[in-house]
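Predicted, not measured: the structure shown is a model, and the values here were computed from it.
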Amino acid sequence: MNILLMIDAIPLSSPLGGASRITWDTATGLVARGHAVTVLTASYAKSLPPEKDGVRIVSIPALPQRWAHYRSVYSKKRAQEVMKIIDDVKPDLIHAHVIAWQCGYRWIPLARKKGISILVTCHDVMNIALGRILPDEKNIWLKDLKRLRWSWNPFRASSVKTILEKHCILLTVSDALRDCMKRFGYRKLRTLHNGIDLSFWKETCLQDSARTALNLPRDRTIFLLAGRLGIDKGTEAIERLLPGQSHLIIAGDLDKQSFASIVHPFSFFSNQSPAEMRMLYAACDCVLIPSRCLDCFPTIALEAMACERAVLATSWGGAKEAVIDKKTGWVIDPLDEDSWKKHMSWCVTHREQVKAMGKAARVHMEKNF
């Protein structure tokens, strides 16, 4: 088949983006199976390579995000830019991923008129809200209005829903996201959990070797906090709850100064490539995902378990659909700080049992993801 994948950004420019990495892995996996694959993305860079790993890459110019919630639904120019590429590629199938900020939605009815099948995988809540939400949050429109003011589009969510449900096959990456979207009126949704390449995501060196290479303490329990970091990801709570005799690795997209107030020993690594992330997984004992929002299906959980690391995960969102409580880690209410502190302290005093949970996590990944 001739397949066009579409996403606002690809990991050539955003190393830690979970959805973009999943999209790229999908592209290279399809190429390995004999399909012709093109990825359409938006880019701030002057140029992207025209081809990588057998995947053709085409781009449209990335635009400022301020008016994206009008542009994504109404921009005729943006739709024409996308359709020009679609007409050039002539795909049998279009598989869109995260398109809310740049690629937009107006091209979808135009592509369907040409008889092209369109599959959309929903990785986040951007089709129903303009940012992170709580699992049972109401009046999302009011929060979006306060945050975005004049760039808020009151008709965006309903317009997007009409386009997607009328013209596309819709997948969600977790039951948690599916159920949330159903609360906002979506009906035609199916869950397909993300998987990752287990031939790449695996333990590749001994823990002591990784710690020596990264200049990390060898005699402490090390926790890893990675991905997009912020208040809604629970990072502030982790600062308060870290037990003694432990060390924290922070690998994310915030400046080191954002964690200047931490008094606990920590090491900061920014903009890590997949290979560098694999080294961080090897160095740590446990991975923390304390999100206090609907974290739809964090790729960090999959990567950590594939690298034989136990995961302490939020119960809000899709992580609980990957982590087996008490077997490959723990699923914990993100607001129950006493429970987080208790489980992290247990990890410090039971490192061998934690290692065994990591082994079980790898087996779970091989069977299911």
Are side-chain heavy atoms of [X] and [Y] found at a separation under 4.5 Å?
| X | Y | value |
| --- | --- | --- |
| L224 | C286 | no |
| W201 | C307 | yes |
| E366 | L198 | yes |
| P274 | R21 | yes |
| I128 | Y186 | yes |
| I249 | F266 | no |
| V120 | I169 | no |

**Request:** Any salt bridge (Lys or Arg N to Asp or Glu O under 4.0 Å) involving residues 98-120? Give me the pairs, sequence neighbours left out, ordered by first then second residue.
**Result:** D87-K114
**Request:** Write out all pairs satisfying salt bridge (Lys or Arg N to Asp or Glu O under 4.0 Å) with one or both partners inside residues 156-165, taking only residues at least two apart or from two chains.
**Result:**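 Those involving residues 156-165 are K161-E165, E165-R187.
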[X] side chain vs [Y] backbone, donor-acceptor pair below 3.5 Å:
| X | Y | answer |
| --- | --- | --- |
| D53 | T28 | no |
| Q102 | L63 | yes |
| W107 | R78 | no |
| S291 | C293 | no |
| D285 | C347 | no |
| N2 | D92 | no |
| S59 | A42 | no |

[X]: what forms a side-chain contact (heavy atoms from CB on, under 4.5 Å) with it, not counting sequence neighbours?
| X | result |
| --- | --- |
| S117 | L93 |
| T121 | H95, H97, H123, L171, V173 |
| I324 | K327, T328, H364 |

**Asked** Given the rule that I, L, V, M, F, W and Y join up when any side-chain heavy atoms are under 4.5 Å apart, are V363 and L302 in one cluster?
**Response** no
**Item:** Cluster check F200, M279: I/L/V/M/F/W/Y, side chain < 4.5 angstrom
**Value:**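 Yes; M279 is reachable from F200 via cluster members.
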**Message:** Quick check: closest heavy atoms across S174 and C296, and the distance to 0.1 Å?
**Reply:**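 Nearest pair, atom of S174 first, then C296: OG-O, 2.7 Å.
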**Prompt:** For E276, which residues count as a side-chain hydrogen bond (donor to acceptor under 3.5 Å, both in side chains) partner, sequence neighbours excluded?
**Reply:** S273
**Request:** With sequence neighbours excluded, tell me which residues meet side-chain hydrogen bond (donor to acceptor under 3.5 Å, both in side chains) with Q65.
**Result:**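 Applying side-chain hydrogen bond (donor to acceptor under 3.5 Å, both in side chains) to Q65 gives none.
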**Asked** Between R71 and E81, is a salt bridge (Lys or Arg N to Asp or Glu O under 4.0 Å) present by the stated rule, with each step listed?
**Response** CA-CA 13 Å; R71 185 178 63 244; E81 290 172 333; over 6 Å; no
**Pairs touching residues 157-178 that satisfy ring pair (Phe, Tyr, Trp, His ring centres under 6.0 Å), sequence neighbours left out** =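 Non-adjacent pairs meeting ring pair (Phe, Tyr, Trp, His ring centres under 6.0 Å): zero.
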**Test side-chain hydrogen bond (donor to acceptor under 3.5 Å, both in side chains) applied to Y281 and E303, K202, R309, the passing residue** =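 The residue from E303, K202, R309 that satisfies side-chain hydrogen bond (donor to acceptor under 3.5 Å, both in side chains) with Y281 turns out to be E303.
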**Message:** Any salt bridge linking K320 with D175? Criterion: basic side-chain nitrogen under 4.0 Å from a carboxylate oxygen.
**Reply:**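 Between D175 and K320 there is no salt bridge, as every charged N stays at least 4.0 Å from the carboxylate O atoms.
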**Item:** Presence of salt bridge, E308 and R362, under 4.0 angstrom
**Value:** no
**Asked** Who pairs with R56 by salt bridge (Lys or Arg N to Asp or Glu O under 4.0 Å), at least two apart in sequence or on another chain?
**Response**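 Testing R56 for salt bridge (Lys or Arg N to Asp or Glu O under 4.0 Å), a comparison that skips the adjacent residues, returns D88.
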**Message:** Once salt bridge (Lys or Arg N to Asp or Glu O under 4.0 Å) is applied, do any residues pair with D208, and if so which ones, sequence neighbours excluded?
**Reply:** R218
**Request:** Could you tell me whether the side chains of N127 and Y105 share a donor-acceptor contact shorter than 3.5 Å?
**Result:** yes
How long is the straight-line distance from [atom2] of [Y] back to [atom1] of [X], given to the nearest 0.5 Å?
| X | Y | atom1 | atom2 | value |
| --- | --- | --- | --- | --- |
| M6 | T23 | CE | OG1 | 11.5 Å |
| R178 | T191 | CZ | OG1 | 4.0 Å |
| I22 | I7 | CD1 | CD1 | 9.5 Å |
| L225 | L312 | CG | CG | 11.5 Å |

**is_close_aromatic(W346, W330), centroid dist under 6.0 Å** =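 Yes, the ring centres sit under 6.0 Å apart.
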Pair up each side-chain donor or acceptor in residues 30-40 with any protein partner under 3.5 Å, not counting sequence neighbours, and list the distances.
residue	atom	partner	partner atom	Å
R33	NH1	G29	O	3.0
H35	ND1	M1	N	3.1

**Fill in**
For H247, the ring pair (Phe, Tyr, Trp, His ring centres under 6.0 Å) test, sequence neighbours excluded, returns none
**Request:** Please indicate whether K341 has more than 12 foreign heavy atoms, meaning atoms of other residues, nucleotides or ligands, lying under 6.0 Å from its NZ.
**Result:** no
**Request:** State whether the number of non-hydrogen atoms from other residues, nucleotides or ligands found under 6.0 Å of F155 atom CZ is greater than 12.
**Result:** no
